[in-house]
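Order of the sequence lines sets the chain letters (A, B, ...), proteins ahead of strands, with each chain counted from 1.
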Amino acid sequence: MDFNHQQIEKKWQEYWDQHKTFQAQDKSDKPKYYALDMFPYPSGQGLHVGHPEGYTATDIVSRYKRAQGFNVLHPMGWDAFGLPAEQYAIKTGNNPATFTNENIQVFKKQIKSLGFSYDWSREINTTDSNYYKWTQWIFEKLYEKGLAYEDEIMVNWAPDFPGGGIVVANEEVIDGKTERGGYPVYRVPMRQWVLKITAYADRLLDDLDDLDWPDAIKEQQRNWIGRSIGAAVVFDVQDHANQTVEVFSTRPDTLFGASYLVLAPEHELVDHIVTADQKAVVEAYREKIAAKSDLERTDLNKEKSGAFTGAYAINPVNGDKLPIWIADYVLASYGTGAVMGVPAHDQRDWDFATKFDLPIVPVIEGGDVTQEAYTGDGLHINSDFLNGQEKQAAIDTIIDWLTEHKAGTKRVNYRLRDWIFSRQRYWGEPIPVIHWEDGTQSLVPEDELPLRLPEMKQEQMKPSGTGESPLANATDWLNVTRADGVKGRRETNTMPQWAGSSWYYLRYIDPKNRQMLADPEKLAYWSNIDLYVGGAEHAVLHLLYARFWNKFLYDLGVVPDKEPFHKLVNQGMILGENHEKMSKSKGNVVNPDEIVAEYGADTLRIYEMFMGPLTQSKPWSDEGVTGSRRWLDRVWRLLIDDEGRVRDHVTTYNDGKLDKIYNMTVKKVTEDLENLRFNTAISQLMVFINEAYKVDGLPIQYMNGFVQMLAPFAPHLAEELWQRLGHENQSISYVDWPQYNPEALVDDTIEIIFQVNGKVRGKASMDRNADRDAMIAAAQADDNVQNFIAGKEMVKVIAVPGRFVNMVVK
RNA sequence: GCCGCUGUGGCGGAAUUGGCAGACGCGCUGGACUCAAAAUCCAGUGGUGGUAACACCGUGUGGGUUCGACUCCCACCGGCGGCACCA
């Protein structure tokens with residue numbers, strides 16, 4: 001008879017709840033282990049089969065670590081601010097808070113049905129004012145340190161976004177479109193809140209080296225930060241004695257090859273230097289550019305464009321007159337917003353110079369600059385004092401020269417921009433700032449935090465579409481008066497969804513603390529996170545922002561570690577049966593609730609872990625699910641008879657037949673768990689069960705050990721078996737992990753492979769201590785080996801005792 | 001275009017430091033049980049040839065290093081992901 005998963009799973013989930021089995025201890029002599037999942041956004045869609053994959057992985061590790069004697073912190077919470085709830089609220093008239101809480105309840109029920117060993121007493125919710133009080137507190141600290149500021153900057157404006165136009169961060173723009181929904185993004189100047197993540201650029205880059213993270217993610221962060229080292233070079237402008245143009249170049253050694261300068265169209269100098277006869281051309285060009293979205297400026301428009309300002313700059317190194325152009329291939333937001341055009345040695349400049357017929361002067365030997373730019377190394381030519389030098393030497397020389405002549409300096413630039421932090425939305429943390437009518441600005445005092453979101457009606461929640469936030473409609477909340485009678489208006493923008501998730505891992509450590517973000521002693525005990533599992537899609541959003549906030553909090557002395565997540569693992573995606581990404585439109589979506597109802601949570605857990613390596617994407621298979629259930633039934637039947645009693649062949653007598661396979665299994669499963677190789681661990685458990693079916697007597701000791709090893713994977717079934725095997729009133733969760741006896745793994749005889757010219761021609765069972773000569777003799781005596789060596793000249797014999805003999809013949 | 005990952009049976013995937021390729025599971029085939037079916041248990045299952053022993057071929061393609069290569073090196077092809085005028 002098969003086991004009744006519905007009954008067993010309900011029973012043990014209730015047991016765990018009632019006994020608070022998985023509550024982490026705040027104070028303990030045990031070593032700690034902190035296993036964290038990326039907390040979900042509780043969407044109305046409910047759980048997806050991708051969620052349980054990462055959650056099962058951390059749950060297995062958590063259960064394994066508890067059995068190893070660790071005090072384990074394994075929490076779960078809700079990243080519950082976000083646009084979908086607000087859009088739904090606007091559409092239906094629901095309150096986003098109510099709606100969000102309903103979604104959370106659905107998610108929680110689904111997650112609980114999978115039997116994860118979360119410490120639910122530490123559950124957090126980013127939309128809870130007791131939580132976002134501290135999100136606001138961190139913002140205030142950033143503000144006080146000058147790292148949160150308001151500025152008129154070029155922002156990413158997505159006017160078509162559902163529910164009204166919105167500003168998004170650079171990290172949220174993919175191919176000139178919004179990361180969510182794919183709406184076109186335009187660069188427009190707006191007054192917005194910005195966090196100075198660039199102040200941490202070097203540390204964010206350098207500290208990546210010590211992290212145990214997937215290379216792909218580290219590489220993405222490195223690219224995103226994009227540090228480049230070069231020089232700033234200052235050019236005087238002809239006929240404008242008080243104007244200079246500063247350019248940034250990673251190749252200052254090519255300065256003698258500069259034939260023009262290019263400013264970004266938005267560069268402030270343009271208006272000052274443009275000549276009367278070029279003014280119309282420049283203005284027309286700027287208008288054309290302004291109407292383009294980012295996508296049109298990059299992807300769809302590889303052809304260079306630009307306009308001549310009529311002005312000339314003076315090359316500091318040789319006094320040459322260089323025409324100053326504007327062109328949109330130069331970005332206002334990077335470097336100084338101006339470049340020197342060296343067409344001979346930069347492909348972009350070459351394209352531009354070719355189009356506008358500007359001179360191309362080679363200054364490095366090599367390549368054919370009439371065909372394309374030459375970017376390789378070589379000896380400098382046409383370069384006065386740099387002639388004959390190679391690239392690096394020339395760079396050093398020119399930087400010295402520029403510094404000495406006050407015409408430039410060494411300079412480091414980053415691709416990383418400051419984090420655009422304000423959103424024109426209702427459903428987010430209010431930014432705790434007040435704008436006073438006397439023109440000053442102040443923070444909401446710390447003792448007045450949290451600054452709660454006001455309740456709003458459906459129609460008030462709609463953004464105006466002009467960039468004004470809906471909170472501007474909350475008149476009672478909006479207006480404040482100071483003790484001295486000065487009137488003020490609250491900041492109406494809210495924080496982006498990434499705010500709450502940038503520090504949530506800290507709050508689990510002390511979730512109910514009203515005095516501080518978290519108790520320093522508790523932080524010291526639990527830091528750092530030992531294992532963090534989540535999807536790779538957060539490579540440069542959540543993971544970069546969280547590192548930034550952690551470093552800031554570290555500088556404040558609030559957190560003890562300079563990095564939040566020492567070990568990060570990205571689970572692969574679970575694809576549909578047709579090997580494509582699951583999506584409603586493709587009709588290949590699997591609902592975990594159905595699997596749990598029909599086959600049980602243990603089956604889903606085993607199946608998702610057995611599919612393949614955690615980090616790899618792999619397709620779903622309904623037949624694979626039934627196979628996993630079949631195996632659990634097979635385990636059950638091995639031990640339990642039709643009446644629900646332990647079978648007679650489970651015995652205290654050990655005939656030794658399972659000694660080797662049992663000890664091998666303990667060894668392999670333990671090692672695999674340490675390395676998150678869940679698929680091969682399960683496969684080893686299967687091998688053990690196959691062997692157990694072949695013998696007459698099942699030693700109770702081995703069956704206990706097996707059930708313990710099964711417990712992290714299939715906890716409900718394992719608890720039930722554990723109880724039936726005679727362990728009444730005891731959860732398996734804290735029973736010591738089984739040990740193996742290395743001696744049991746060693747056989748007296750070993751199979752030795754006989755090779756001829758590297759090909760296997762025979763094998764024989766030999767004493768494990770057989771020496772080289774004995775092995776070679778045995779090989780030569782083998783009939784089939786004889787067929788291949790007879791009459792041939794023996795060139796060489798390689799023999800590794802205990803393994804193989806290889807005879808090389810000619 | 002640049003960077004990272006990846007390519008193994010019909011399918012998902014195994015394979016310490018280079019040392020028996022295909023563990024385990026799915027699927028399929030056969031057998032046992034059954035009046036029969038399902039379920040279960042047992043066995044087989046990379047291809048070709050052979051009754052068999054065994055032989056030859058085989059880890060994306062082509063070369064190389066080695067006694068020996070899925071594993072290391074070079075070149076190329078396909079798939080996935082990221083970045084993409086960042087000077």
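- Between A:H345 and A:Y374, the two ring planes are perpendicular [angle over 60°; tilted spans 30° to 60°].
- Taking atom C1' on both B:rC70 and B:rG60, the two are 12 Å apart, rounded to the nearest angstrom.
- When the shell of 6.0 Å around CG of A:D209 is examined, it contains more than 12 heavy atoms from other residues, nucleotides or ligands.
- If you measure from atom NE2 of A:H579 to atom P of B:rG12, you get 4 Å, rounded to the nearest angstrom.
- Side-chain N/O atoms of A:E171 and A:W224 include a donor and acceptor closer than 3.5 Å.
- Following rounding to the nearest Å, A:M664 (CE) and B:rA23 (P) show an atom-to-atom distance of 14 Å.
- The residue A:S617 sits close only to the backbone: its heavy atoms come under 4.0 Å of sugar-phosphate atoms, none of a base.
- Contacts of A:G627 with the nucleic acid, taken as non-hydrogen atoms under 4.0 Å apart, involve only primed sugar atoms and P, OP1 or OP2.
- If you take CE of A:M340 and P of B:rA87, they are 13 Å apart, rounded to a whole angstrom.
- If you take CD1 of A:I689 and C1' of B:rC41, they are 15 Å apart, rounded to a whole angstrom.
- In this structure, of B:rU40, B:rC24, B:rA87, it is B:rU40 that holds the atom nearest to the side chain of A:R630.
- The nucleotide B:rG81 finds its pairing partner in B:rC3, both defining distances of the Watson-Crick or G-U wobble pair being shorter than 3.5 Å.
- Using Watson-Crick or G-U wobble geometry with both donor-acceptor distances under 3.5 Å, B:rC35 finds no partner in any strand shown.
- If you check every strand for non-hydrogen atoms under 4.0 Å, A:S621 touches nothing.
- Distance noted for atom P between B:rG63 and B:rC54: 31 Å (whole Å).
- With both pairing distances under 3.5 Å, B:rC56 is matched to B:rG47 as a Watson-Crick or G-U wobble pair.
- Closest to the side chain of A:R761, from the set B:rC54, B:rC42, B:rC56, is B:rC56.
- Checked by atom type, the side-chain pair A:R634/A:N690 shows a donor-acceptor distance below 3.5 Å.
- For A:K763 against B:rC20, a side-chain-to-base donor-acceptor contact under 3.5 Å is present.
- Checking A:N413 against A:S228 by side-chain atom types alone, no donor-acceptor pair falls below 3.5 Å.
- The side chain of A:K618 places no N or O atom within less than 4.0 Å of a non-bridging phosphate oxygen (OP1 or OP2) of B:rG12.
- Along RNA chain B, the nucleotide nearest A:G758 and the nucleotide nearest A:Y334 are compared for position; the residue whose nucleotide lies closer to the 5' end is A:G758.
- With B:rA84, B:rC24, B:rC85 as the candidates, the nucleotide lying closest to the side chain of A:D328 is B:rC85.
- Residue contacts shown for A:Y693 are limited to sugar-phosphate atoms, with no base heavy atom under 4.0 Å away.
- Between A:W636 and A:F3, the two ring planes are tilted [angle within 30° to 60°].
- Pairing for B:rA21 is absent, judged as Watson-Crick or G-U wobble with the two contacts each under 3.5 Å.
- For A:N570, no side-chain nitrogen or oxygen approaches OP1 or OP2 of B:rC5 to under 4.0 Å.
- Rounded to an integer number of Å, the gap from CD of A:Q616 to C1' of B:rG81 is 13 Å.
- Within 4.0 Å (heavy atoms only), A:F688 reaches no atom of the nucleic acid at all.
- Nucleotides B:rC11 and B:rC28 are separated by 15 Å at their P atoms, to the nearest Å.
- Across B:rG22 and B:rG58, the matching P atoms stand 16 Å from one another, rounded to whole Å.
- Using a 4.0 Å heavy-atom cutoff across all strands shown, A:S228 reaches sugar-phosphate atoms only and no base atom.
- Of the listed nucleotides (B:rC24, B:rA87, B:rG13), B:rG13 has the atom at the smallest distance from the side chain of A:N679.
- The base of B:rC20 sits within donor-acceptor range of the side chain of A:E751, with an N or O pair under 3.5 Å.
- B:rU59 and B:rA53 have their C1' atoms separated by 27 Å, with the value rounded to a whole Å.
- Checking B:rC56, B:rU40, B:rA87 against every side-chain atom of A:R637, the shortest atom distance belongs to B:rU40.
- Contacts of A:N784 with the nucleic acid, taken as non-hydrogen atoms under 4.0 Å apart, involve only primed sugar atoms and P, OP1 or OP2.
- For A:K759, the side-chain atoms get nearest to B:rC57 when compared with the rest of B:rC57, B:rC83, B:rG13.
- Ring geometry, A:F356 versus A:F352: the interplanar angle falls from 30° to 60°, so the pair is classed tilted.
- Distance from the side chain of A:Q755 is smallest for B:rG19 among the nucleotides B:rG25, B:rU40, B:rG19.
- Residue contacts for A:D349: at a heavy-atom cut-off of 4.0 Å it reaches no nucleic acid atom on any strand shown.
- The same atom, P, is picked in B:rG9 and in B:rG46; the two are 13 Å apart, to the nearest Å.
- For B:rC83, neither phosphate oxygen OP1 nor OP2 lies less than 4.0 angstrom from any side-chain nitrogen or oxygen of A:R415.
- Across B:rG47 and B:rA21, the matching C1' atoms stand 14 Å from one another, rounded to whole Å.
- The side chain of A:E219 lies closest to B:rC3, out of B:rC85, B:rG12, B:rC3.
- In the set B:rG82, B:rG68, B:rC26, B:rG82 carries the atom at the smallest distance from any side-chain atom of A:Q220.
- If you check every strand for non-hydrogen atoms under 4.0 Å, A:V339 touches a base.
- Figure legend: A:R411 and A:F248 shown without cation-pi pairing, the cationic atom not lying both under 6.0 angstrom from the six-membered ring centre and within 45 degrees of its axis.
- Base orientation at B:rG27 is anti, since its O4'-C1' glycosidic dihedral falls outside 90° of 0.
- Between A:F804 atom CZ and B:rC67 atom P the separation is 12 Å, expressed in whole Å.
- Counting any heavy atom pair closer than 4.0 Å across all strands shown, A:P613 reaches sugar-phosphate atoms only and no base atom.
- In summary, the side chains of A:Y329 and A:D349 do present a donor paired with an acceptor at a separation below 3.5 Å, with no hydrogens or angles considered.
- The nearest whole Å value for the distance from the CZ atom in A:F235 to the C1' atom in B:rA87 is 12 Å.
- Only the P atoms considered, B:rA55 is 43 Å distant from B:rG4, to the nearest whole Å.
- Here B:rC67 is the nucleotide among B:rA43, B:rA87, B:rC67 with the atom lying nearest to any side-chain atom of A:N806.
- Computed from coordinates, the A:K668 NZ to B:rC24 C1' distance equals 10 Å when rounded to whole Å.
- Heavy-atom distances to RNA chain B give each of A:F248 and A:A216 a nearest nucleotide, and the one nearer the 5′ end belongs to A:A216.
- For the OP1/OP2 pair of B:rC20 and a distance below 4.0 Å, the side-chain nitrogens and oxygens of A:R803 include no atom meeting the criterion.
- Counting any heavy atom pair closer than 4.0 Å across all strands shown, A:H345 reaches no nucleic acid atom.
- Other residues, nucleotides and ligands place no more than 12 heavy atoms under 6.0 Å from the NZ atom of A:K581.
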